[in-house]
Each structure stands twice: as structure tokens, then as C-alpha cells.
Protein chains: 2
Amino acid sequence: MTGEAPTEITLLRTRSLTSVVRQEIERLILTGAIEAGSRLNEQALAARLGVSRGPVREAIRGLERQGLVVTVVNQGSYVRKVSVEEALELYDLRALLTARACEVIAAGPPPGAEARLAALVEEMERAAEADDAPRYYALNLQFHDALMELGSGPRAQRIYADLGNELHLFRRRALVQPEKMRESNAEHAALLAAFRARDPAAARAAGEAHIRGGKRRFAASSPGANSTKPQQTAPGGHDDQESPPQHDPPQPARRRRR
Amino acid sequence: MTGEAPTEITLLRTRSLTSVVRQEIERLILTGAIEAGSRLNEQALAARLGVSRGPVREAIRGLERQGLVVTVVNQGSYVRKVSVEEALELYDLRALLTARACEVIAAGPPPGAEARLAALVEEMERAAEADDAPRYYALNLQFHDALMELGSGPRAQRIYADLGNELHLFRRRALVQPEKMRESNAEHAALLAAFRARDPAAARAAGEAHIRGGKRRFAASSPGANSTKPQQTAPGGHDDQESPPQHDPPQPARRRRR
DNA sequence: GAAGTGCAAATCGTCAACAGTTTGCACCCT
DNA sequence: AGGGTGCAAACTGTTGACGATTTGCACTTC
């Protein structure tokens, strides 16, 4: 062919296959196409993506470090299952980062920051009135991303994003309920007011309160918070430093075929 | 069995080769044996560790996600070089996490926590008086790890550890100066006092102040904070999402042989 | 003499294959 | 009939090899 468009082949020149594969697997996990707790079959994934097992394995290692999957030695990799306790900690950490970002923004907001945030709050208001939960959800995401972008460095933003992804793994993300949207957006408005007042302490408090509110709403909608033990968490304490006395079958999720 | 000691062979049964390789490469990087900015030669590493290139590549992917190395497509992986700006952000984030941990500890210290921390401060005091910087450094590390362990969840601890590792990449860690040790340990003592007083707010402030003090001491000892641009940082904004208009040779660190 | 061009070596990215381990079913024994 | 054992298939872990790209030196040319 003479006039080749930027097809897949062309993309491979500027981006490693491993990178593409990881992004795709990550997408599959986050959208729930792979569902938490299930096994990642390497050759099945390789076949599905039309590549060899090498890139797939490398991609999985990255995901492992990212906290999305856990791997058992001669057994395979599983999509990580976050327990209630872990999810709550994730909320706490996000609260910490958000609060800090809000503090910074209030101390010296970049030009256009307030207008941008105000516009988002405005749109969320309309979405809430229309009971358009998906739209509210998307806007809310944008709002928080903007918060982190305006008030944090790149490293903090990445941590925040990673925490968000991990949170997705908590058995089917709790959907926002229509009623909660107004409550949530009221907190957004309070945050905005603190920004306008140039009050860092108030902004920090409002930011933390907002995420804690989200945590509370999350905990309330959590399905009973199944009292089973945290069961399958990250292998070692640090990551994989040493794990001598610990070897429990990740879960009885059977291999399905044969 | 006849009584075989846990030799290398035995270890391979319980721990993937990739895991061992990654830990080793990480050690090489953190101890400075590989020095920041230099290239990671895959087959050289493979030969050195006595394995094939596969595990080495997988290990590098993990390190990449961890933020210790950056990879350019058809060129190779480099030990990441953190700029002054990035190092300062890392300090900020550690301050955030430490402050939170201190707050939690002061709110309800686990049994034995205060005694454990007090003992460490005591030892650091003696090390400072003896001008034993290496020992002080090690004890200080223990102290902060203990802080995180006592006042944070596992996820926060891992983030903290990762940030610490990244900080090691800032061109030859600034050594603690004899004089600074007393200053630093005084802050430790203040923290301890806040714990004993069960004053979360004071503990939080003291914790944050301490890390900020460390940041200040670090910035002061920073070699001029070379005013060159951040040059080689993480490729894309988020990680590797998309990086179309960016392709600068990581650095003119030449390939050395031929 | 300096800049541009071409070639060859080194190295990365990817693939296919081999060995070891785990797993699940079927069979056998009690 | 219930439980234990053995075997075979599937899958992971690792290796070696091939093709593609980059890079640095040498040569040519202005």
C-alpha cells in the first residue's frame, strides 16, 4: 500500500507494544471487562491482542507494580481485589492529596483557575438537577483532576490517578445516587468559596471534608462491608520483599475450562 | 529431603526470577552502583545475573512503573534522574504522609509506640553526640519507618517507601552534616512530646515541620540547584499515555563501547 | 578543514519453543 | 459410597534466536 494511514503498524514505531498492551489490559480491568479476582490468562490475552506472550508478561509486571494485579509464583496473575479496609485507606489518601491541592490553590490560584472550576461546578449543578448521574460522574472526575492539576505537582497527580484506578477495583464501583449529587456539589461550591476568599486553611478543610463525604457516601452504599477477612491482599508487606510464611490460594476462582 | 540448605535453587521455587532480578537491579541503582542517568544494558545485566534477557526486561518494566527508570522506545532504559523541582515535590509528599501519620499516632498511639520511638530518639541523640553520621542516618530511617508503620496503612507505607527510593536518585544523596543532626533530633523530640500530650494537631504540625526542615536542609546542601531545565523527566504527563510532540534524546551519555 | 553521507556494529523489540509446575478429573482402594 | 492416589492437560517461567532500529565512526565532498 502506498498511502498508509496511521494504522496500528505505524503506531508501533513510536510506542512499544508492551505499552499498548498494558494500556489495553488496564482498560479491560478498569471497565470491568475482566472483573476483579479473575485470572489473567497470558496466552489468551496474547492471542486476543494479536501479540506474543512476552509483551503481555511485561505489561502484567507493570500492572503488578501499579497495584492492579497480584501474581502467585507458578500459578498466575489475578486482578486484585480490594477489601473494604483497603478502599477506605485509598479514600483517606485521596483526601490527603486533595486537601493539600486545595490549600495550595487557595494560597495562590493560577490565572483562570477559579473560572474553570466554577464552570465545572455550574455544569454539575445542571447535571444534578437533570438527574443525569453519568454526566455528573464524568464532570466530577474532571473537577477533581483539575483540582490536582492546579494544586499539585506531576508526582502527586500520578499517585492520585493510581489511587483512583485502584479504587475502581472495589467490587463494582458504587454508583452515585441521584440524591447524593446535590450534597456533593454543595461541597464543591463551599470549596470554591474558600478559593475566592483566598483562605488556604478553609480550603484545605473543605477539600478534606469533601473527600471524607465521598468516603462516607461510599461506605454507606457498601454492600454490608462483608466481614470476611481482607483475604487476598498484596503478597509481602512491602511488595515482594520476602513472604516466607504466607501462601494461601488467592481464591477458589476455578480455572473454568477443561 | 536430606537436609538441604535454602540454596539458590530452592529459592527459585518460591520466588520468581523476575522478582529477584528486580530487587537486585533496584539495589544496584539505590546503592549508586549504576549511577543515575546511565543506561541499563539488558544483556549485560542478564549476563551479570546469570539469567536470560526476559526476566531482566520484566524487572525493568516494574522499575519503570515504580519511577526508578525511564525507557525510550528503540533506545533503551535509563536510570531516572530527578531534578531539583521533582525532589522538592517528593519532600512535600513525604511531609504530607508523615504529618498525617503523626496526627493519627497522637490521636491514639498503639501500645508500645511511644516507648519504641523514644528509644530511637535516645539512640539518635547518642549517635549525634558521637558525630556518627552513618548510624544517625540509619536510625533516622528506622524512626521514620516506624512513624509510618504506626500511623498509616499499608498503601501509604508503600507510597512513602517509593518516594524515598526516588529521592535516592537525586544526584548522590546529600549526606547529613554533623551539626544538622542535633537540629533534626530536636524536632524528633518535639514530635515525641506531642505524642505524649495526645495532641493530634500539634503532632501533625511537628511532623510536617520536621520534614520541611529536612527539605530545607536538603535544599541548602543542594549543589547550586543547577538552573538547567528539568531536562529528562517522565515521558508523558500521566506516565505513557501519549507523548506525540516530545522526543528529546534523554541525554548525551554516550554508549561507551564499540 | 568542516559538513554531509553511508556503512557496520551493537542493542532493542518481538517471537517461538522448551522445561517445570500446578491442577483437575478419573480411577482404584477401603 | 467415600476418600485417596495417579495421570494427563494446561499454563507459567525461562530461554534462545531473529528482525528492526539506532548509533557512532569513517569516508567523501565542497
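In what follows, chains are A, B, ... by sequence order, proteins preceding strands, each numbered from 1.
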Exercise for the section: May I ask you to verify if any side-chain N or O of B:Asn74 is less than 4.0 angstrom from the OP1 or OP2 atom of D:dA20? Expected result: no
Taking only N/O atoms, report every protein-nucleotides 15-17 of chain D pair under 3.5 Å with atom names and distance.
| residue | atom | partner | partner atom | Å |
| --- | --- | --- | --- | --- |
| D:dT15 | OP2 | B:Ser52 | N | 2.8 |

Fill in the blank from the handout: Closest of D:dC11, C:dG13, D:dG13 to the B:Thr71 side chain is C:dG13
Practice task
Assess B:Arg94 against B:Tyr160: is NZ or CZ under 6.0 Å from the centre of the six-membered ring, and within 45 degrees of the ring's axis?
Solution key: yes
Completion exercise
Among the nucleotides C:dG13, D:dC11, D:dT14, whichever has the atom closest to the side chain of A:Asn41 is D:dC11
Exercise for the section: Taking only the side-chain nitrogens and oxygens of B:Gln75, find out if one of them lies under 4.0 Å from OP1 or OP2 of C:dT11. Expected result: no
Handout entry: Short side-chain N/O contact from B:Arg57 to OP1 or OP2 of D:dT14, under 4.0 Å
Key = no
Problem - Distance, rounded to the nearest Å, where A:Leu49 contributes CG and C:dC15 contributes C1' - result: 15 Å
Handout entry: B:Arg61 bridged to B:Glu58 by N-O distance under 4.0 Å
Key = no
Fill in the blank from the handout: Rounded to the nearest 0.5 angstrom, the OG-CZ distance for A:Ser52 and A:Arg57 is 11.0 Å
Exercise for the section: For B:Ile60, report the nucleic acid contact type (base, sugar-phosphate, nothing); a contact means any heavy atom under 4.0 Å. Expected result: nothing
Problem - Rounded interatomic separation in angstrom, taking CD from A:Glu42 and P from D:dT14 - result: 11 Å
Problem - Residues forming a salt bridge (Lys or Arg N to Asp or Glu O under 4.0 Å) with A:Arg48, sequence neighbours excluded - result: none
Practice task
Show the numbers, then the answer: is there a salt bridge (charged side-chain N to carboxylate O under 4.0 Å, His left out) between A:Glu64 and B:Arg22?
Solution key: CA-CA 13 Å; A:Glu64 184 180 0; B:Arg22 192 183 63 179; over 6 Å; no
Fill in the blank from the handout: side-chain hydrogen bond (donor to acceptor under 3.5 Å, both in side chains) filter on B:Ser77, not counting sequence neighbours, yields B:Thr71
Exercise for the section: Please work out if B:Gln43 contacts a base, only the sugar-phosphate, or nothing of the nucleic acid, heavy-atom cut-off 4.0 Å. Expected result: sugar-phosphate
Exercise for the section: Output yes when at least one side-chain N/O atom of B:Arg61 is less than 4.0 Å from OP1 or OP2 of C:dC12, else no. Expected result: no
